[in-house]
Enquirer: 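I'd like to ask you about the structure that follows.
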Amino acid sequence: MPSACDPVIEDIEDMVSSADPTPHERQSARKNIIPRAKKKKELNNEELQADSVIPGMQKIWMKTWGCSHNNSDGEYMAGQLAASGYKMTDNPTEADLWLLNSCTVKNPAEDHFRNSIKKAQEQDKKVVVAGCVPQAQPRMDYLKGLSIIGVQQIDRVVEVVDEAVKGHSVRLLGQKKEGGRRLGGARLDLPKIRKNPLIEIISINTGCLNACTYCKTKHARGDLASYPIEELVERARQSFQEGVCEIWLTSEDTGAYGRDIGTDLPTLLWRLVEQIPDGAMLRLGMTNPPYILEHLEEMAKILNHPRVYGFLHVPVQSASDSVLMDMKREYCIDDFKRVVDFLKDRVPGVTIATDIICGFPGETEEDFQETLELVKLYRFPSLFINQFYPRPGTPAAKMEQVPAQVKKQRTRELSQLFHSYNPYDHKVGERQRVLVTEESFDAQYYVAHNKFYEQVLVPKKVEFKGKMIEVEIYEAGKHFMKGRPVEDSKPFNPSIAAPLQKGEVSGLMQEHSIHTAGGSSSILIGWFSVDREALKKLGIGLAVAAAILAFVVEKLY
């Protein structure tokens, strides 16, 4: 007889009918439910029938590796779990279950993921895995018996965690489709817990149109699938209503947005700009050269907009046309230079970030020297240097490899070149307007960004957090500047609402104040009226009360 994790049953969809209601539909159906209390006599001598483990009461620790798209997925999963009653914790030791959200771009990231699974098992923790690694390679030995959430199934994380808590193993790896067309992924209006309450990460599409020979992410995220403009605009609008002051757009290739649904990136950006409050900012995500070439004029106009960072991440990977051809990057080095030169000319001060892979199969010393010359020419202020790692199942893994010591040497040489120049020295003495959104790693400063998304460290004063302030640059380092507030300027608040508290669930339920004839005040949570003072006496917050009510309705009805 097949076991619970037998490969014959690959997916929970094999056991659940497609006609069954989705979690979103079940949530909506609660509006039509009127809870009725059982009569006391019905409870006399009644024996409680329940599983020994009741899902929804456990503590969950989540770890996310990788890109901002993965981080957004993680925020959505945390939000849904918290809304369902689970408690998210920052302490892995006290957690009952570990939710591990993986990245498949590099070997080290997957190694950390695999080691975390082993560590969890050694500590007898329940484990659920998500992200690109299990989506791309669900049959890996170290994933056997584990529950998996596919990258397009994050809206069903509660179902998977419920089953894992009870000791069952289920796998959700299907693709979301509508009318035969692949969708961008889960709904954008799901509950989420933002890692930073001031920053909303919005995935505008998933997958890409390329077939790069080194890329494993394509195996997980698939071909391009874009979200409709209206859904993205609504998500941005909701975010600003929750106190967000900065939006990041993310995907595997933002430049390709809309090609599958008859629109394009500039059209989306102009619609989003309409939603951005004065003083708030929009940051564009990574775009590959082939698609941005078609929109250079419009992109320059958008990057010059006062509420859009003059920043663009355009990966070049190599300055050798021969290597680019082997990578199947679908552009030549002159295409990349055309993008950079055009934007530098039309958007004065623009920051261009790029990526380079050292030691790709077949890369000669001459090829590598061309890459060094490109970095010397543009002196990129932000450069992501990656030593090539052959990813299993990719064409590049089967090519003749550059010796490990040569890859290390080239990586070291490029890193030395990158650290030989300081891109911000000439900005000392400038006055800049910066948006303060984060705390520095050492907790000594707040982190702000100027119009060109250059990092500026400012004094850690609570009144600066989430505000646009004017500073004078008095020091410059390799990756940052330091600014002191200008005395005669006042912080400007771009938020149209108070930000959510750290750990608070976004978009869970609306709260409305109700005043009765007697003057008492209560809160409407979902469709239940709850006395505010009663909650206060019990020491129960609104989010907890909402989660309890949702849990009770789910279990009883």
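All figures in this text were calculated on a predicted structure; none of them were measured in a lab. Computed over heavy atoms, backbone and side chain alike; hydrogens, waters and symmetry mates excluded.
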Enquirer: Can you find a side-chain donor-acceptor pair between S203 and H69 that sits under 3.5 Å?
Expert: yes

Enquirer: Does K216 pair with E110 as a salt bridge, N-O distance under 4.0 Å?
Expert: no

Enquirer: Do T254 and Y257 come close enough that some side-chain heavy atom pair is under 4.5 Å?
Expert: no

Enquirer: Do NZ/NE/NH1/NH2 and the carboxylate oxygens of D253 and R329 come within less than 4.0 Å?
Expert: no

Enquirer: Applying ring pair (Phe, Tyr, Trp, His ring centres under 6.0 Å), can you list everything that pairs with H295, at least two apart in sequence or on another chain?
Expert: none

Enquirer: Does any part of the side chain of Q135, heavy atoms only, come nearer than 4.5 Å to the side chain of Q152, both counted from C-beta?
Expert: no

Enquirer: Tell me every residue that passes side-chain contact (heavy atoms from CB on, under 4.5 Å) with E234, counting only those two or more places apart in sequence or in another chain.
Expert: R237

Enquirer: Does one side chain, of N107 or R391, offer a donor that lies under 3.5 Å from an acceptor on the other?
Expert: yes

Enquirer: Are the side chains of T411 and N386 in touch, meaning some heavy atoms are under 4.5 Å apart?
Expert: no

Enquirer: Sequence neighbours excluded, which residues qualify as side-chain contact (heavy atoms from CB on, under 4.5 Å) partners of H112?
Expert: W65

Enquirer: Is there a donor-acceptor pair closer than 3.5 Å between any side-chain N or O of Q153 and the backbone N or O of G174?
Expert: yes

Enquirer: Quick check for you: to the nearest 0.5 Å, what is the distance between I261 atom CD1 and N205 atom CG?
Expert: 8.5 Å

Enquirer: Look at the aromatic rings of Y309 and H449 and report parallel, tilted or perpendicular, splitting at 30° and 60°.
Expert: perpendicular

Enquirer: Quick test of your reading of the model: are K376 and E373 salt-bridged, counting only N-O distances below 4.0 Å?
Expert: yes

Enquirer: For F360, what residues pass the ring pair (Phe, Tyr, Trp, His ring centres under 6.0 Å) criterion, not counting sequence neighbours?
Expert: F388

Enquirer: Under 4.0 Å between a side-chain nitrogen and a carboxylate oxygen: does that hold for E294 and R259?
Expert: yes

Enquirer: Run the salt-bridge test on K465 and E438 with the 4.0 Å N-O cut-off and return the result as yes or no.
Expert: no

Enquirer: Does a side-chain N-to-carboxylate-O contact under 4.0 Å join E363 and K407?
Expert: no

Enquirer: Between S226 and D260, do the side chains contain an N or O donor and an N or O acceptor separated by less than 3.5 Å?
Expert: yes

Enquirer: Kindly assign one of parallel, tilted or perpendicular to the pair Y453 and W248, based on the angle between their ring planes and the thresholds 30° and 60°.
Expert: perpendicular

Enquirer: Does E200 pair with K192 as a salt bridge, N-O distance under 4.0 Å?
Expert: yes

Enquirer: For atom NZ of K460, is the number of surrounding heavy atoms from other residues, nucleotides or ligands below 6.0 Å larger than 12?
Expert: yes

Enquirer: Just checking, any donor-acceptor pair under 3.5 angstrom between side chains of Y378 and D341?
Expert: yes

Enquirer: Looking only at the side chains, is there a donor atom on one of N71 and S68 sitting less than 3.5 Å from an acceptor on the other?
Expert: no

Enquirer: For a 4.5 angstrom cut-off between non-hydrogen side-chain atoms, does K176 reach D155?
Expert: yes

Enquirer: Show every side-chain hydrogen bond (donor to acceptor under 3.5 Å, both in side chains) that has at least one partner inside residues 479-498, sequence neighbours left out.
Expert: Y445-K482

Enquirer: Would you say CG of D90 has more than 12 non-hydrogen atoms from neighbouring residues, nucleotides or ligands within 6.0 angstrom?
Expert: no

Enquirer: Is the backbone of V129 close enough, under 3.5 Å, to the side chain of N101 for a donor and an acceptor to pair up by distance?
Expert: no

Enquirer: So, using side-chain hydrogen bond (donor to acceptor under 3.5 Å, both in side chains) as the criterion, who are the partners of K427 when residues are at least two apart?
Expert: E454

Enquirer: Within 45 degrees of the axis of the six-membered ring of F418 and under 6.0 Å from its centre: does K478 put its NZ or CZ there?
Expert: yes

